[in-house]
Number of protein chains: 2
Amino acid sequence: MAKRTKETRRPPAKIADVARLAGVSVATVSRTLARPAVVSEDTRNRVLAAVRDTSYTPNISARNLRVRKTMVVLVAVPDIANPFFAEILQGIDDTLSAAGYGLVIANLAGPPEKEARYVDLVCAGQADGVLLLCGHVMRSRDRDLRDAHVPLVGACEYIPGASFPQICIDNVGAAREAVRHLIKLGHTSIAYLSGPQSTILERQRLEGYRQALKEAGIAAVDGLIMPGDFTFRTGVEAGRALLALSPEVRPTALFAANDEMAIGLIKTVHAGGLRVPRDLSVVGFDGIPYADYCEPTLTTIVQPRRELGASAAAELIALMTTEKSAVRKDIELPAKLALRDSTCPPSTRST
Amino acid sequence: MAKRTKETRRPPAKIADVARLAGVSVATVSRTLARPAVVSEDTRNRVLAAVRDTSYTPNISARNLRVRKTMVVLVAVPDIANPFFAEILQGIDDTLSAAGYGLVIANLAGPPEKEARYVDLVCAGQADGVLLLCGHVMRSRDRDLRDAHVPLVGACEYIPGASFPQICIDNVGAAREAVRHLIKLGHTSIAYLSGPQSTILERQRLEGYRQALKEAGIAAVDGLIMPGDFTFRTGVEAGRALLALSPEVRPTALFAANDEMAIGLIKTVHAGGLRVPRDLSVVGFDGIPYADYCEPTLTTIVQPRRELGASAAAELIALMTTEKSAVRKDIELPAKLALRDSTCPPSTRST
DNA sequence: CAGGCTTATGTAATCGATTACATATGATCG
DNA sequence: CGATCATATGTAATCGATTACATAAGCCTG
């Protein structure tokens, strides 16, 4: 039970140890590891054997100090507890860590002083790149961050005219498709549960909603646009508002700017006696895992979250490793409508 | 529109720059920042002013190289997309990043070769500590990791007799409380939907279930223990199994080892015509946000996730900074039963 | 007022890797 | 065969901070 194998912790082998064991200079060891082709086969074998025997791994701090890199990228995410972002993060992590990068996750849902610390970190050159999972860079410190001249890639929220590459889905098109689906089912009174006004994402989804109505010749009714902010809570509030309407004016369908709100809304109207989809069809946006678990399962636009993260990470790596910052290309990934149980044709009802 | 402020990216200030500006030596600058008390007030002011003017931040790689630290901790998490862990991670991140540590998240849900890379990273001394959010350290590489003699702290899953501090809730007690609640409501036929057999967590929750039944004088029926693995899918399967039973032998209540399974099960039995809680009371475990969103809201044991993460991180910091590794104390955090809508007394029914 | 002590600061070694440059060896060629 | 060149390897400077040790200045005390 007591301390077994007392053997004092041996410090990790350094390059000099490997060199000594292999009978070569440190330069040769370093070269063997970095560009195996330039050393003779014989030497290479001896060095690699020595590396194995000492279980040598280069000291990252020393290397980074020398080559002036940090091998760290900062990922700014609006809310790490949000499952939507969690999966994007996985895609990012897969790609980035495979390439040897570590990631510092800046959770913008946390206290604002942390946010400032993250920006400082980047400005101080402690990160080789930044991945933004939101439109506003870092609220007030946008300019500081941009001026740090650190490679930047955006994902999720498309900012028209931004000066850095962005990996997104076609939000306008996807929203339009969602609403078209409702129209095709026969709905003509379709509400929209919006995201936070400040986001570009919101404006784009709203635009898609408007386009779909317009092309179908349905007049947009201002009263059918309900305020939300992507949270479950505002979904609940919108649900209550819907219940308060008299059946004659109540829309027969609703498009929510994200799944979480859609789920909150469905739960609320259910409790109030409305049946989904019979009395109200609902389409969400994002395709979070839970959209498939809830009751009824949610018809929604599913975003390729993992790929979104992976592509963004790949783009950032290209930007960080290539000196030509001309890489700069936006990528649009496909999102598709998943038909599930929360939508159906409107029930005919007496005026 | 074109490149504004072309000014070539100026490299970050280094300590020598600050020293020159303040008219002191680099040693004095370093000391001013590390131990302000040892320099004279006059010097201190000059140095701090110079630091501000140059917006100097110490180069982390250089510092780490010198003091032989990495300021990185590895966090091994079974599944980053699982909202339960997401919130624990937040607690960890808050505490750790406030103390200046970066965290590398080892997502065990990812490909196994990544896992090996993480263990290697620790063994190579590239992390100052490890936080384990799971019982098995890293599957096969347990011993390697332990032999690296890196400070270790466990959370969530309590391993009796482990050689490192652990921050947990009382799983046996909490499970017992959950089942006691069902018993108090009048249930006598109570099923248990288990977690993966291999985990200690599972054995502890099962033990709590058994204890509650025993103290109430209810015989444990093997057939009422249903296999699960913490996923939504196995919750669905268990739901189907329940539906297949004839009403006479069907339990009137069920305790699920986690919320996700409970939610899958409820959804399934609902679709099959059973009403929850009327025909089947369900208690979950964890208290994930969704347990409050689903229909009906889930009565469950809510774990103090953020605090769990924060305490574990604090403990690890103590371990990493104190040379005396005698800190070593386990912490048990309180979990409490949240009474919601998925439980009620059993409906009396004809034999 | 010499010697000892405290306080404030500077000098230079050090952490562990990378890499420009120098050197040594052997091959090639006119 | 001596000059030229390619190939393989070694030497030592360097990245930017920390800190042990040295030094200088001021203060006390017998």
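A note on names: the letters A, B, ... follow the listed sequences, proteins ahead of strands, and every chain is numbered from 1.
Place B:R68 and B:V26 on DNA chain C by their nearest nucleotides, and B:V26 ends up nearer the 5' end. Nearer to the 5' terminus of DNA chain D, by closest-nucleotide assignment, is the contact made by B:S61 (compared with the other of B:S61 and B:A27). Annotation: of the two residues near DNA chain C, B:V38 and A:R66, the 5′-most nearest-nucleotide partner is B:V38.
Within the nucleic acid shown, B:T28 comes within 4.0 Å of sugar-phosphate atoms alone, with no base atom in reach, counting heavy atoms only. When heavy atoms are screened at a 4.0 angstrom cut-off, B:S40 is found touching the sugar-phosphate backbone but no base atom. Across all strands, B:T43 comes closer than 4.0 Å only to sugar-phosphate atoms, never to a base (heavy-atom distances).
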### Message
Let's go through B:D17 and B:R20 carefully: what are the C-alpha distance in whole Å and the side-chain angles of both, what is the deciding distance for salt bridge (charged side-chain N to carboxylate O under 4.0 Å, His left out) to 0.1 Å, and is it a yes or a no?
### Response
CA-CA 5 Å; B:D17 300 327; B:R20 195 172 321 116; 3.5 Å; yes
### Message
Test side-chain contact (heavy atoms from CB on, under 4.5 Å) on A:Q166 and A:I159; report intermediate values, then the result.
### Response
CA-CA 8 Å; A:Q166 303 183 77; A:I159 308 173; 3.6 Å; yes
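Nucleotide C:dC15 holds its P atom 15 Å from the CD1 atom of A:I15, rounded to whole Å. Whole-Å rounding puts the A:R44 CZ to D:dA8 C1' distance at 12 Å. We find that CZ of A:R35 is positioned 15 Å from P of D:dT7, with the value rounded to whole Å. Rounding to whole angstrom units, NZ of residue A:K14 and P of C:dG16 are separated by 4 Å. The CG-P distance, from B:D17 to D:dG16, rounds to 9 Å in whole Å. Taking atom CD1 of residue A:I60 and atom C1' of nucleotide C:dT18, one finds them 15 Å apart after rounding to whole Å. Taking atom CG on A:N59 and atom P on D:dA17, their separation rounds to 17 Å, with Å as the unit. Straight-line distance from the CZ atom of B:R31 to the C1' atom of C:dA12: 13 Å, rounded to whole Å.
Formation of a donor-acceptor pair under 3.5 Å by the B:Q126 side chain with backbone atoms of A:I60 is found in this model. Side-chain atoms of B:S311 come within 3.5 Å of backbone atoms of B:E307 as a donor-acceptor pair (strictly under, hydrogens ignored).
The side chain of B:S30 has D:dT18 as its nearest neighbour among D:dT18, D:dG10, C:dT18. Comparing C:dA17, D:dA17, D:dG16 by their nearest atom to the side chain of B:L65 picks out D:dG16.
Counting all heavy atoms, side chain and backbone alike, A:L319 lies closest to A:L152 at CD2-O, 3.5 Å.
For B:Y56, a side-chain nitrogen or oxygen approaches OP1 or OP2 of D:dA17 to under 4.0 Å.
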